[in-house]
Structures are given as C-alpha cells and as structure tokens.
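Heads up: the structure comes next, in structure tokens.
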Amino acid sequence: MPLAAAAPAATGPAGCVPFGTAQLPPGAPSGGGRVGLTNLPTFTGPAAPTSVEVRTPTTQFNRFWDFTLVGHDLLTRPRDAGAPTAEPWRYVPMPECLRGRLVGISLDDDELVAVDDNGWIYTMDNASQDPLFWNWTSAWGAPLWTGAGRQLPGDRPNGWALSVSSPWDNQTFTDIAGRIHYVGFGKMTMLPALTGDGSRITYADPWLPNDDSYEIGGPLGGRFQAESLSGAGSTTFVMNKYGDMYTRTFDFDSSGSDSIFFRYSWDDQSGKPTAPNLVVETLDRSTAAIQLPAPEWVHQPKIPGEITSAISVHSLGPGPNRRELRVEGRSGGESGFWHKDLVGGTWEFTPTGADLLGTPIENSPTDRSTDTLAPAAPWNLSTNLPARNGAIDGQTLIDIGFPYTVVDPRMLDAIGQHAQPSGYRLEVDHFDPVATTRTATVTAPDGTAIPVILHTADGLRMTPRAPGLDANPRHLVGAIEIPAEAYAARGSNPALDAFVRDWMRDRHIAAITLSATDHDLVVR
C-alpha cells in the first residue's frame with residue numbers, strides 16, 4: 001500500500017487533534033490494562049490478520065497490544081505473548097477527522113504513529129495502557145513537541161518506523177564502551193525513514209525542527225543503499241535488496257548532540273563509576289559521561305533461506321540491547337519469520353502460515369553490501385587548525401559544562417574570540433556531516449602528512465535548515481583522534497610526536513567544535 005493515496009493536497013495536518021498527552025512525557029509506566037476495551041466496536045470484516053508477528057506499515061505490536069490497518073480502519077486487540085488469541089479485533093478510538101484517511105502505522109513502547117493520505121503524522125499516546133487513556137495529537141516538532149505538525153520523510157512503504165526509548169520500558173542504553181546510561185524523562189522518540197536512493201536515513205524528532213536536516217549516518221560511510229527499515233528502542237535495522245542487514249543503536253540524545261540534558265566525553269571513562277540515574281550523571285562529573293563517538297553499525301549475518309522486504313525489530317523489555325530482529329520469509333515451503341537476538345545468536349525460523357506482507361528479496365548467500373553504493377559526499381573541505389592558546393576551544397566548552405552543542409565557532413569570531421593559526425592544516429575528503437567517523441589528514445608545518453580520524457556529531461538547532469551542506473553554516477561537535485597504533489609509535493615519527501605534544505596536548509584524542517559550509521570549515 002502506498003504511503004500517500006490520492007487525496008487533495010494539504011498544507012497541514014487535520015486540525016481536530018492539536019494537543020495530546022504524548023507532548024507531556026514520560027507518561028505512566030506500562031501496564032497493559034484493558035479498561036475501556038469492551039466499549040470499542042467489534043470489527044466483523046474478514047480481512048484482519050489472524051497473527052501479528054512482524055511490524056510493518058499495516059501490522060504492529062508491543063508487549064500488550066496488536067494493531068492492524070485494514071483498508072483505512074485502525075484495529076486493535078490484546079496480545080497474548082504472540083500466541084493465538086480468541087479476542088476479536090476492535091476499532092481504535094480516534095477523532096472523526098482521521099477516519100478513512102490512515103495509510104500507515106508504526107508502534108513502539110507507549111506511542112503509536114499513524115500517517116494520513118497526505119503524509120501527515122499523528123501520535124496516539126498511552127499505547128501500552130488501558131484503551132480508556134488512548135488519545136491523539138497532530139503536534140510535532142520544536143519547541144518541545146509543540147510544533148504545528150510534520151510530514152513523513154520519504155515515501156517507501158517498508159522504509160520508516162517509530163522508535164521510542166522510555167525511562168519505564170527500555171530504561172537504559174550503552175555507549176561505545178559498553179557502559180550503561182539512563183534514558184531521560186523526556187524519552188528518546190524519533191521516526192527514522194529512508195530517503196532519496198535509500199542511503200539517507202532522515203529522522204523526525206518531536207522536539208527538533210521540522211526539517212530533513214537530521215540524519216542517522218548510514219552503513220558504509222553513508223553509502224549503503226537500503227530498501228527496508230525498522231526501528232525500536234533507539235535501534236535502527238536496515239536491509240538492502242540482496243538481504244544484507246545492518247543494525248545501529250543511535251538517538252540524537254545518546255550520540256553527542258544534546259549537551260543541555262546529557263553529558264558526553266571523548267575521553268576514556270574507565271575507572272569512573274556509572275551514575276545511578278541521569279540527573280546524577282549530568283551533575284556529578286566524577287561519574288562516567290556518555291563516551292563518544294556513538295556506536296557504529298553492526299553487520300548482521302545473512303539469513304539461510306527465503307525472505308521478503310518486511311523486516312522488524314522490537315524491544316524485549318528493560319535493559320540495553322534487549323531487542324529481537326525478525327524478517328518475514330519461508331522455510332520448507334511454509335511462511336513465517338526468521339528471528340535472532342540483536343547481539344549474537346543465529347537466525348531461526350518460526351512458521352505461522354500467514355500471508356506474506358512483503359515482496360520477495362533476492363537473498364544472496366554472499367555479502368553484496370557494496371554492490372549498490374551511493375556516490376560519496378561531494379564536499380572536500382580543509383582549514384587551518386587554530387592555535388591552542390586561545391581562551392575558548394572545544395575542550396574548554398566541555399570542561400566548563402557549557403551547552404556547547406549550541407555554540408557555532410563562527411559565533412566566537414563574531415564576539416571577538418578569534419584564534420590564530422597553529423601552522424597545522426586539516427583536510428577531509430567527501431565530508432558527509434551526518435557520518436560519525438571518517439579518515440582525514442593533518443598537514444604539519446614541514447609538509448608531513450599525518451593520518452587522523454575525525455569524529456563528529458550534529459549540533460543542536462532550534463530552527464529549520466536544509467539537509468547536507470550549503471552556504472548556511474552547519475554546526476557540529478567532534479574530535480580529532482590519532483589512530484591507536486600510530487599514537488603508540490609516535491616517538492619514531494617526529495612530526496606526529498610534535499603534533500601530539502603541541503596541538504593534541506599529549507592526548508590521543510582532542511575535542512573540537514566545527515562549523516561547515518559547502519566550501520569551508522572552521523574549527524576550534
């Protein structure tokens with residue numbers, strides 16, 4: 001089913017649901033109560049599924065409820081741990097302005113989003129509570145989920161999903177070092193979607209501007225072209241047309257961009273205790289911060305059998321990495337789904353006999369991830385690195401606890417905090433601003449080329465901007481890192497040894513703040 005059925009063009013979402021409890025996170029702990037269920041009209045049509053085991057734009061589930069979209073009718077029933085249920089399907093309560101218009105749904109944690117025939121997003125809150133408390137809002141976007149509404153990025157039927165991490169259900173996540181951190185009371189809600197040629201993963205966040213500028217940098221440096229996407233609990237799952245699959249744990253808050261509510265560090269946090277909650281972690285600097293960069297993509301093993309484009313990931317309960325991956329398919333001539341844990345394990349098959357919802361995939365037994373790579377980013381940038389004797393630089397902003405992800409270094413120049421050149425020059429080819437990590441080169445004053453790693457995370461913006469780079473400066477935070485092997489042997493490389501001593505301050509990684517356009521780069 002297409003995401004945008006024929007309908008008159010709309011300049012905004014339906015206006016009958018401007019406010020809802022989704023705008024007031026975190027909500028109550030999940031309970032799965034059934035108060036109000038019997039008041040919902042029973043669906044008597046023959047087309048509703050008998051089993052809901054894969055999350056698609058027409059079939060969704062959480063721990064307590066099944067949801068399905070039959071035609072344009074949104075239905076629900078209690079869920080019994082995936083077992084067959086005698087409960088009938090019932091119509092989900094909704095405002096009249098949405099009836100007969102929904103073309104896609106996605107569910108995670110206690111929120112369900114539905115998309116209408118013009119691509120506008122609507123959120124139903126308390127989807128893990130009693131039906132009596134289910135309610136809708138069309139609001140989305142900055143500031144703080146009070147924006148006028150958002151259309152779905154992209155138009156792929158299997159290319160979008162809602163992802164929610166709450167302090168009640170998921171509770172925690174891990175950073176790149178595997179250390180546990182706690183989800184904030186504002187939750188982590190986003191809606192990632194494949195856009196363009198499938199190599200871009202644009203995400204809509206209800207607290208951020210309604211534009212297409214925020215992205216999850218995709219696999220293989222953002223060049224992997226995906227055909228299908230699913231998401232749950234800040235875990236994004238993608239697959240290409242050859243059945244090659246990748247997963248990544250990523251959210252705006254956990255990846256280094258939200259220095260107002262979270263504390264990050266590029267330094268090794270070993271030896272520091274894990275804070276008991278987010279408040280303590282933010283205020284007590286003796287506890288471990290979220291270590292950056294954000295975790296990268298994990299290449300999942302191939303499935304040994306027939307599969308379709310319908311992929312699915314869902315949370316199994318509190319705790320990091322407690323996710324299950326599912327891919328619809330066949331085995332031994334019987335339909336069902338393949339499944340495995342997010343971390344480790346092997347693919348196993350569960351038959352259901354249900355009609356297949358996805359389209360067949362050419363599941364090559366060998367890895368074909370690189371067969372359809374998108375072009376590399378077109379921006380080749382370079383800049384003089386600043387001298388490290390100025391009053392303010394990227395590390396200083398972190399050390400003083402300032403919300404540095406809102407401070408573009410060009411702002412420092414505007415207030416007279418200029419930095420003299422250090423004599424070192426940074427060059428980075430094919431700079432994609434949404435990638436987390438890429439190689440770069442520092443040229444020393446004597447002309448020696450020093451290979452480095454350049455990490456970045458997006459800055460915090462409250463006004464819309466275009467995706468990618470253009471003449472409008474884009475603020476990022478980041479770090480320059482010396483590869484471990486080179487750093488260990490720096491004594492045998494005079495140019496590198498001097499760079500580490502004079503510019504890196506005898507450290508293997510140095511925090512910076514950046515401002516990039518399509519033709520220049522400013523670093524502090």
Side-chain angles (χ1 to χ4, degrees), residues 1-2 32 37 40 42-92 102-108 112 127 156-159 161 227-232 237 239 241-243 245 300-316 323-342 345-365:
M1 177 182 294
L37 175 64
L40 305 183
T42 301
F43 176 76
T44 57
T50 57
S51 175
V52 176
E53 304 304 333
V54 179
R55 308 212 301 187
T56 74
T58 59
T59 56
Q60 293 286 323
F61 64 87
N62 61 15
R63 288 187 291 153
F64 306 104
W65 299 96
D66 288 338
F67 290 88
T68 188
L69 198 60
V70 176
H72 299 293
D73 293 323
L74 181 58
L75 312 177
T76 189
R77 68 181 179 187
R79 183 173 181 82
D80 187 14
T85 176
E87 290 278 357
W89 287 100
R90 298 176 183 271
Y91 288 92
V92 172
L102 303 185
V103 299
I105 58 172
S106 186
L107 169 72
D108 199 28
L112 178 146
R156 295 168 184 258
N158 287 311
E227 295 285 330
S228 302
L229 178 149
S230 184
F237 178 25
M239 180 177 72
K241 66 180 183 180
Y242 299 121
M245 296 166 289
Q300 295 290 342
K302 299 284 288 194
I303 290 175
E306 296 178 57
I307 60 174
T308 78
S309 59
I311 68 175
S312 177
V313 57
H314 64 277
S315 298
L316 300 173
R323 312 284 185 270
E324 182 177 272
L325 309 177
R326 292 184 177 182
V327 179
E328 185 186 65
R330 293 182 184 273
S331 182
E334 190 166 8
S335 64
F337 61 91
W338 299 88
H339 56 95
K340 72 177 289 291
D341 287 342
L342 174 66
T346 57
W347 290 102
E348 299 178 2
F349 186 80
T350 295
T352 64
D355 292 338
L356 297 179
L357 300 173
T359 57
I361 289 292
E362 182 187 343
N363 187 26
S364 167

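This chain uses plain numbering: 1 for the first residue, then up along the sequence.
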Given Ile361, Ile311, Thr359, the one that forms side-chain contact (heavy atoms from CB on, under 4.5 Å) with Ser228:
Ile311
Do the non-hydrogen side-chain atoms of [X] and [Y] ever get within less than 4.5 Å of each other?
X: Phe67; Y: Val52; answer: no
X: Leu112; Y: Val92; answer: no
X: Leu316; Y: Arg323; answer: no
X: Val327; Y: Met245; answer: yes
X: Met239; Y: Ile307; answer: yes
X: Arg326; Y: Arg55; answer: no

Closest approach of [X] and [Y], non-hydrogen atoms and distance?
X: Ala354; Y: Ser335; answer: O-OG, 2.7 Å
X: Leu69; Y: Val103; answer: CD2-C, 3.5 Å
X: Ala232; Y: Asp108; answer: CA-OD2, 3.2 Å
X: Leu356; Y: Gly329; answer: CD2-O, 3.8 Å
X: Phe61; Y: Leu107; answer: C-CD2, 3.3 Å
X: Ala310; Y: Val54; answer: O-CG1, 4.0 Å

How many angstroms lie between atom [atom1] of [X] and atom [atom2] of [Y], to the nearest 0.5 angstrom?
X: Trp89; Y: Thr42; atom1: CH2; atom2: OG1; answer: 13.0 Å
X: Leu102; Y: Asp73; atom1: CG; atom2: CG; answer: 9.0 Å
X: Arg77; Y: Leu37; atom1: CZ; atom2: CG; answer: 12.0 Å
X: Thr346; Y: Asp341; atom1: OG1; atom2: CG; answer: 9.5 Å
X: Ile303; Y: Glu328; atom1: CD1; atom2: CD; answer: 11.0 Å
X: Phe237; Y: His314; atom1: CZ; atom2: NE2; answer: 12.0 Å

Restricting to side-chain hydrogen bond (donor to acceptor under 3.5 Å, both in side chains), what partner residues turn up for [X], sequence neighbours left out?
X: Arg330; value: none
X: Thr59; value: Thr56
X: Gln300; value: Thr247, Lys340

By ring pair (Phe, Tyr, Trp, His ring centres under 6.0 Å), which residues pair with [X], not counting sequence neighbours?
X: Phe43; value: Tyr91
X: Trp65; value: Trp134
X: Phe64; value: none

Test side-chain contact (heavy atoms from CB on, under 4.5 Å) applied to [X] - qualifying residues, sequence neighbours left out:
X: Leu229; value: Ala161, Pro192, Leu194, Ile201, Thr236, Val238
X: Thr350; value: Phe337, His339
X: Phe349; value: Ser331, Trp338, Pro351
X: Lys302; value: Asp244, Asn363, Ser364

Do Arg79 and Glu53 sit within salt-bridge range, that is, some charged N less than 4.0 Å from a carboxylate O?
yes
Can you name the salt bridge (Lys or Arg N to Asp or Glu O under 4.0 Å) partners of Arg90, sequence neighbours left out?
none
Going by the salt bridge (Lys or Arg N to Asp or Glu O under 4.0 Å) test, which pairs reach into residues 345-360, not counting sequence neighbours?
none
Closer than 3.5 angstrom, by distance alone: can the side chain of Asn62 be matched with the main-chain N or O of Ala127 as a donor-acceptor pair?
yes
For the residue pair Ser230 and Ser312, confirm or rule out a side-chain donor-acceptor distance under 3.5 Å.
no
